[in-house]
Amino acid sequence: MSEEIKKSSNFITEIIDEHLKTNKYQGKVHTRFPPEPNGYLHIGHAKSICLNFGLARDYNGLCNLRFDDTNPTKEDIEYVDSIKEDIKWLGFTWDEREYYASDYFDKLYEFAVQLIKKGKAYVDSSSAEEIKALRGTPTEPGKNSPYRDRPIEENLELFEKMKNGEFNEGKYVLRAKIDMASPNLNMRDPIMYRIRFAEHHRTGNKWCIYPTYDWAHGQSDSIEGITHSICTLEFENHRPLYNWFIEELGIHHSQQIEFARLNLNYTVMSKRKLLKLVEDKIVDGWDDPRMPTISGLRRRGYTPESIRNFAEGVGVAKRDNTIDVALLEFRVREDLNKKAQRVMSVLRPLKVVITNYPDGKVELMEAVNNPEDETMGTREVPFTKEIYIEHDDFMEDPPKKYFRLSPGNEVRLRYAYIIKCEEVIKDSEGNITELRCTYDPETKSGHDTSGKKVKATIHWVSAEHAVNAEVRLYDRLFSYEDPAGAKEKDFMEYLNPSSLEILNDCKLEPYLKDAKKGDKFQFERLGYFCVDTKYSTDENLVFNRTVTLRDTWAKIQKNSEQ
RNA sequence: UGCCCCGUUGUGUAAUGGUAGCACAGCAGACUCUGGAUCUGUUUGUCUGGGUUCGAAUCCUAGCGGGGCAGCCA
């Protein structure tokens, strides 16, 4: 692989390059993505997926999908299915290499017996509390368990009985015999097996002892011939243990490499916290468009490309990081700007009657489908005497830099005429309910002979032809940058009460009548929107706002408020 | 307070002993029938102190700051 076409360079590619140079793994690169099926994948996993599958792609290697299913009490087949769907959607494939740590339970059992025979593992009769008490603390060494020197034969016998279900949960555990005085807590005789009379989603009731992560993970890597086992920083202190098992067993030695997990501001990323949002019904399931899950982002309207560009763009390093959501939003705008069909939609309608336009006349105006992509062609948009415009596009008493419609002022209607506001109609409470305007026939788009220049162009929809729809506007789920980081407060206290706003009276141009679930559009001047995959029907269209357009006016307003 | 890891503009990330660059965000401008897009310009940075060196973000050292570890979770 030449320097020029290599996707990205970081400390991991440097390690791999070095291995390639020294021929440590015979020129092979074989990674794996090892999710535990106990929750849905989120944007942080997307980074790991892009990293692992991306490395395999860039180095002509392979990347396995391996479910780390060693704890049946927390795992579920629902999660397995969602994880597979999400990885595929992101655009990666594991071919037939779909593995499970539970595939290796028999082999792991054999390995454990080997270690017992070698005098490197023992069955401990201590209770969980006793084990905890003898483990010591970060500053004090632990003490040996009274069962640490049990004879090998007895260990073998007890371990087999553990496997055969002859003991209750918690009665015995299998421990590695390493060093209770190690400054690294992970080396103080870590637990390898615990007794769990739980049904496993794949092995059913075959087993009542289950391996811990530390015991299962490295050996699974080894069995699969993984060369580079990439994980997050919290496993750094586990690496000596990872290596110890592999070396004591004398099996293929994968190299564990740790990198910093991705954090995003204004959201939470731990599966535990996301699960709480789901269970407390704060959100509408794991795929709620406000969730940082892959399924949530998909429903929100994010594209796989935008997420891949994001994940690959944030880089890989070892220092803790928090990425600004603005970067994620930039990535989806960047992608959708090139691809999305443009369309006119009015979210908060204000009726406009064009008094000098003939009753009953319908003109079909030609509109460009995507100025970034000529091949997407044009469409016709009907124009009539009565139209809707965005309520925000009119101000009775406009401030200095407001360029849109106001009494006596002119604006262009996109793809149509220049109109002038002549009269404002209000209800008994003083709310503006309708505008009376006149149009200038000389100003038709593409045939303008008036020479007029206006400072603004606004979007509109013919009242007679409008399609009604519901539009859901999303804002950040939390109103505080680092909801999980506050020591004193629970993250739930930072929930943004207005993270979802539902608009029921939106008027869309007729082109959208046949929009299908998942279809993506740019509503001109407003943002990118997609048809909701969960609630939208042919009769009642529901759109999700993916992200707004960059909004210079909003910025001016915000700055003038301060 | 033991062990491990990490400190480069607001946020990320490059520079591997030789001009501190890139992206996002910010700011200013050009253009515009989307206040979109596009283009141009631009502010802000090597945690601190010593040392090695002709030369240090990079190597050494001391300090400071941040993170992780005491599940039969992963």
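Letters A, B, ... are given to chains in the order of the sequence lines, protein chains preceding strands, and every chain is numbered from 1.
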Engineer: So does A/Thr552 get a side-chain nitrogen or oxygen closer than 4.0 Å to the phosphate oxygens (OP1/OP2) of B/G36?
Structural biologist: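 For B/G36, OP1 or OP2 has a side-chain N or O of A/Thr552 closer than 4.0 Å.
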Engineer: Under 4.0 Å: is that the gap between some side-chain N or O of A/Lys132 and OP1 or OP2 of B/G71?
Structural biologist: yes
Engineer: Do A/Glu442 and A/Lys452 sit within salt-bridge range, that is, some charged N less than 4.0 Å from a carboxylate O?
Structural biologist: no
Engineer: For this output row, return yes or no: ring centroids of A/Phe529 and A/Phe521 closer than 6.0 angstrom.
Structural biologist: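 No, too far apart.
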Engineer: Looking at every strand, decide which applies to A/Ile418 at a 4.0 Å heavy-atom threshold: base, sugar-phosphate, or nothing.
Structural biologist: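 The answer is nothing, as A/Ile418 stays clear of every strand by at least 4.0 Å.
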Engineer: Students often get this wrong, so: under 4.0 angstrom with heavy atoms, is A/Leu327 touching a base, only sugar-phosphate, or nothing?
Structural biologist: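 Result for A/Leu327 = sugar-phosphate.
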Engineer: For A/Asn237, which contact category applies under a 4.0 Å heavy-atom criterion: base, sugar-phosphate, or nothing?
Structural biologist: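 Here A/Asn237 touches the bases of the nucleic acid.
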Engineer: Assign A/Gly170 to base, sugar-phosphate, or nothing according to its heavy-atom contacts below 4.0 angstrom with the strands shown.
Structural biologist: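 A/Gly170: base contact, heavy atoms under 4.0 Å.
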Engineer: Side-chain N or O of A/Arg550 versus OP1/OP2 of B/A37: is the shortest distance under 4.0 Å?
Structural biologist: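 Affirmative; the distance criterion is met.
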Engineer: B/G36 base to A/Glu372 side chain: any donor-acceptor pair below 3.5 Å?
Structural biologist: yes
Engineer: Does A/Arg261 place a side-chain N or O at less than 4.0 Å from the phosphate oxygens OP1/OP2 of B/A74?
Structural biologist: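 Answer is no, no contact under 4.0 Å.
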Engineer: Can you tell me if the side-chain N/O atoms of A/Asn559 get under 4.0 Å from OP1 or OP2 in B/C27?
Structural biologist: yes
Engineer: What nucleic acid atoms does A/Val314 come within less than 4.0 Å of, heavy atoms only: base, sugar-phosphate, or nothing?
Structural biologist: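 Counting heavy atoms under 4.0 Å across all strands, the contact made by A/Val314 is with sugar-phosphate only.
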Engineer: At under 4.0 Å, does any side-chain N or O of A/Arg135 touch on OP1 or OP2 of B/G71?
Structural biologist: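 Answer is yes, contact under 4.0 Å.
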Engineer: Answer yes or no: is there an ion pair linking A/Arg202 with A/Asp103, defined by an N-O contact shorter than 4.0 Å?
Structural biologist: yes
Engineer: Assign A/Thr232 to base, sugar-phosphate, or nothing according to its heavy-atom contacts below 4.0 angstrom with the strands shown.
Structural biologist: nothing
Engineer: Quick check: A/Phe403 with A/Trp553 (ring centres under 6.0 Å apart)?
Structural biologist: no
Engineer: OP1 or OP2 of B/U8 versus the side-chain N and O atoms of A/Arg319: is any pair under 4.0 Å?
Structural biologist: yes
Engineer: So what does A/Tyr528 touch, heavy atoms closer than 4.0 Å: a base, only the sugar-phosphate, or nothing?
Structural biologist: nothing
Engineer: For B/A74, does either OP1 or OP2 sit under 4.0 Å from a side-chain N or O belonging to A/Arg194?
Structural biologist: yes
Engineer: B/G35 phosphate, OP1 or OP2: any side-chain N/O from A/Arg525 under 4.0 angstrom?
Structural biologist: yes
Engineer: Syn versus anti for B/G45, judged by chi lying within 90° of 0?
Structural biologist: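 What B/G45 shows is an anti base, its glycosidic angle lying more than 90° from 0.
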Engineer: Would you call A/Glu390 and A/Arg525 a salt bridge, taking side-chain N to carboxylate O under 4.0 Å as the test?
Structural biologist: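 A/Arg525 and A/Glu390: not salt-bridged.
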Engineer: Is there a side-chain contact between A/Arg196 and the phosphate of B/C73, meaning an N or O under 4.0 Å from OP1 or OP2?
Structural biologist: yes
Engineer: Going by purine N1 to pyrimidine N3 plus the second Watson-Crick contact, or the G-U wobble pair, all under 3.5 Å, which nucleotide sits opposite B/G10?
Structural biologist: B/C24
Engineer: Is it true that the NZ or CZ of A/Lys163 lies under 6.0 Å from the centre of A/Tyr109's six-membered ring and within 45 degrees of the ring axis?
Structural biologist: yes
Engineer: Have a look at A/Ser126 and say if it touches a base, only the backbone sugar-phosphate, or nothing, with a 4.0 Å heavy-atom cut-off.
Structural biologist: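 Since a base atom lies under 4.0 Å of A/Ser126, the category is base.
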Engineer: For B/A74, take OP1 and OP2 only and decide whether either is under 4.0 Å from a side-chain N or O of A/Thr70.
Structural biologist: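 Indeed, a polar side-chain atom of A/Thr70 lies that close.
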Engineer: Ignoring hydrogens and angles, are the base of B/U34 and the side chain of A/Gln522 linked by a donor-acceptor pair under 3.5 Å?
Structural biologist: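 For A/Gln522, whose side chain was compared with the base of B/U34, there is a donor-acceptor pair (under 3.5 Å).
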Engineer: Check the phosphate of B/G26 against A/Lys555, side-chain N and O only, distance under 4.0 Å to OP1 or OP2. Yes or no?
Structural biologist: yes
